[in-house]
Protein chains: 2
Amino acid sequence: MSTTEEPAKRRGRPPSGGREAILSAALMILREQGIANLTSREIAARAGVSDASVYYHFGDRAGLLQAVFAQGMKPLQFMAGMDLAALEPAEVVSTALIALEQFFDDVLPILHAAQADPELRAALAEFIEANDLGPHKGVRLLGSYLRAQQQVGRVRADADADAVALMIIDAAFARSARKQMMLQGKEQLPSGEAVLREITRLLT
Amino acid sequence: MSTTEEPAKRRGRPPSGGREAILSAALMILREQGIANLTSREIAARAGVSDASVYYHFGDRAGLLQAVFAQGMKPLQFMAGMDLAALEPAEVVSTALIALEQFFDDVLPILHAAQADPELRAALAEFIEANDLGPHKGVRLLGSYLRAQQQVGRVRADADADAVALMIIDAAFARSARKQMMLQGKEQLPSGEAVLREITRLLT
DNA sequence: GTCTATAGGTTGATAGAC
DNA sequence: GTCTATCAACCTATAGAC
């Protein structure tokens, strides 16, 4: 969406901040308490407003959740502003794994919350598709980097760039999901470094 | 559990089937409607009983959900009874990917439902750990197969068997999750076969 | 825009008859 | 074990004053 340029005067926003406080509180509750506890009262209490205020700003619960989803799903900016060409493939993959895991840490609570109800799931899926936030975006980004490196000879030519990109994304996704779901257990799984080494072995 | 001969009289199980009907209905609702619609009334209606019956059998909602989770989390039996040693590694990996994706298709709705509330999440995580259903089990199974193949020389010796096993599991996990969350979109992602080819390339 | 107050509906849970 | 009937609690949403 359009990034709001704010030179000195704001146009239509008396900055009472109520709306943003509500969104921020809702996102907080969603992330740490789950959607089952995301009620208008809880949100209002944590935002320091009355719960009628929630309905004033968002109409109904569906409108509120839509806004919360939109607020929480934004940052897929993923290695933005990095000079990828200057880095070793292994470094890029390592960076990508870390950035992707962080991205999923932020976003998975919202994805999970939407699974509680088919209408929410459909609404979120539609939002993701409309805003080009789906997994194919990561595949395209990482995959085209890998293809470029193939043409320069820094990544072996017989690798399927998009498939490797998807495997990287999936590894980060699963790591983040296990963390969130408290599924690591005591027995430890292979480290991120071990996975990184295997991916690197695919590329060289 | 002494199974003595019971000619005409059964000991502790009048098989009215109410309890199982409730569990089955609850699991059905959970999988197709999400936990937001998993109410005692909905369950009772679909099971063909009164909703007081639900509380008779399970005490309260927490007890019901615990039983539903236990019922739905059972089958991690994963390539059971197959003679793995007789198969090519690529075939085993292909079989594993399919079996794992099916497993996650069954189990993910429950994992997702538990994320709606921290208490449910903790209860399910505890159940998974207590029953040895966590991801390390798959890693151990697939990893030890790959190690055995390394010793016979059918899988290259410098591969990290456990790391590759985890990547296989993560790929299946992510595929199943995208399907459930309706996140494939129109732009198609790399196929399962393409991912399989890359994994195979890691092993040979 | 924000509040108080409240209507109206749904849910978890219990009592008591059969 | 299963039912009907019911309650108290909670939630979404609205009305109306400031």
Side-chain angles (χ1 to χ4, degrees), chain A residues 4 10-30 32-69 71 113-114 116-120 123, chain B residues 9-30 32-69 71 113-114 116-121 123-124:
Chain A
T4 53
R10 270 163 295 194
R11 256 306 152 103
R13 288 268 170 264
S16 54
R19 189 188 156 99
E20 289 142 37
I22 290 168
L23 279 180
S24 159
L27 214 40
M28 214 169 172
I29 294 169
L30 218 180
E32 67 195 33
Q33 301 285 339
I35 196 172
N37 301 298
L38 190 76
T39 66
S40 52
R41 291 197 214 289
E42 272 281 323
I43 296 168
R46 197 176 297 209
V49 300
S50 84
D51 75 293
S53 207
V54 176
Y55 291 96
Y56 170 78
H57 284 291
F58 301 99
D60 59 1
R61 183 176 155 87
L64 168 68
L65 287 175
Q66 193 179 4
V68 171
F69 288 173
Q71 176 90 350
D117 185 272
E119 294 184 24
L120 290 180
Chain B
K9 285 184 178 178
R10 268 164 298 192
R11 255 307 152 102
R13 288 270 169 261
S16 54
R19 189 187 157 99
E20 290 142 38
I22 290 168
L23 279 180
S24 159
L27 215 40
M28 214 169 172
I29 294 169
L30 219 182
E32 65 196 36
Q33 300 285 339
I35 197 173
N37 302 297
L38 190 74
T39 67
S40 53
R41 292 196 212 289
E42 271 281 322
I43 296 168
R46 198 176 298 210
V49 300
S50 84
D51 76 295
S53 206
V54 175
Y55 291 96
Y56 171 80
H57 283 291
F58 302 100
D60 59 0
R61 182 176 155 88
L64 168 68
L65 287 176
Q66 195 178 3
V68 171
F69 288 172
Q71 176 90 352
D117 184 272
E119 294 186 24
L120 290 181
R121 180 180 343 191
L124 181 58

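So you know, we letter chains A, B, ... as the sequences are listed, proteins then strands, and number each from 1.
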Smallest heavy-atom separation, B/I43 atom then B/A25 atom, equals O-CB, 3.9 Å

Taking CG from B/L120 and P from C/dG12, how many angstroms apart are they, rounded to a whole number? 12 Å

Using the C1' atoms of the five pairs at each end, what is the angle between the end axes of the helix from C/dG1-D/dC18 to C/dC18-D/dG1, to 10°? 0°

Can you give me the closest heavy-atom contact between B/F58 and B/I22, atom names plus distance? CE1-CG2, 3.6 Å

Could you state the CZ-C1' distance from A/R19 to C/dT2, rounded to the nearest angstrom? 16 Å

Ignoring hydrogens, what is the shortest heavy-atom contact between B/R61 and B/L38? Give both atom names and the distance. NH1-O, 2.9 Å

B/I35 versus B/A113, closest heavy-atom pair with distance: CD1-O, 3.6 Å

Run the side-chain donor-acceptor check on residues 45-55 of chain B: report pairs under 3.5 Å with partners two or more places apart or on a different chain.
| from | atom 1 | to | atom 2 | distance (Å) |
| --- | --- | --- | --- | --- |
| B/R46 | NH1 | B/E32 | OE2 | 2.8 |
| B/S50 | OG | B/A52 | N | 3.4 |

Can you name the residues that form a side-chain contact (heavy atoms from CB on, under 4.5 Å) with A/E42, not counting sequence neighbours? A/I29, A/T39

For A/S50, which contact category applies under a 4.0 Å heavy-atom criterion: base, sugar-phosphate, or nothing? base

Which letter, B, S or -, goes with each nucleotide of nucleotides 13-18 of chain D from 5' to 3', with contact meaning a protein heavy atom under 4.0 Å? BBB---

Could you check whether atom CD of A/Q33 has more than 12 heavy atoms from other residues, nucleotides or ligands sitting under 6.0 Å from it? yes

Value in whole Å for how far the C1' atom of C/dG12 lies from CD of B/E119: 15 Å

Interatomic distance, B/I22 CD1 vs C/dG12 C1' [rounded to whole Å]: 15 Å

side-chain contact (heavy atoms from CB on, under 4.5 Å) with A/D60: which residues, sequence neighbours excluded? A/A62

What is the distance, to the nearest angstrom, from the NE2 atom on B/H57 to the P atom on C/dA13? 16 Å

Within this structure, what is the CD-to-C1' distance between A/E20 and C/dT2, rounded to whole angstrom? 16 Å

For B/P118 and A/N37, which heavy atoms make the closest approach, and how far apart are they? CD-ND2, 3.8 Å

So B/G63, base contact, sugar-phosphate only, or nothing? Heavy-atom distance under 4.0 Å. nothing

Protein-nucleotide distance (A/F58, atom CZ; C/dT2, atom C1'), rounded to Å: 14 Å

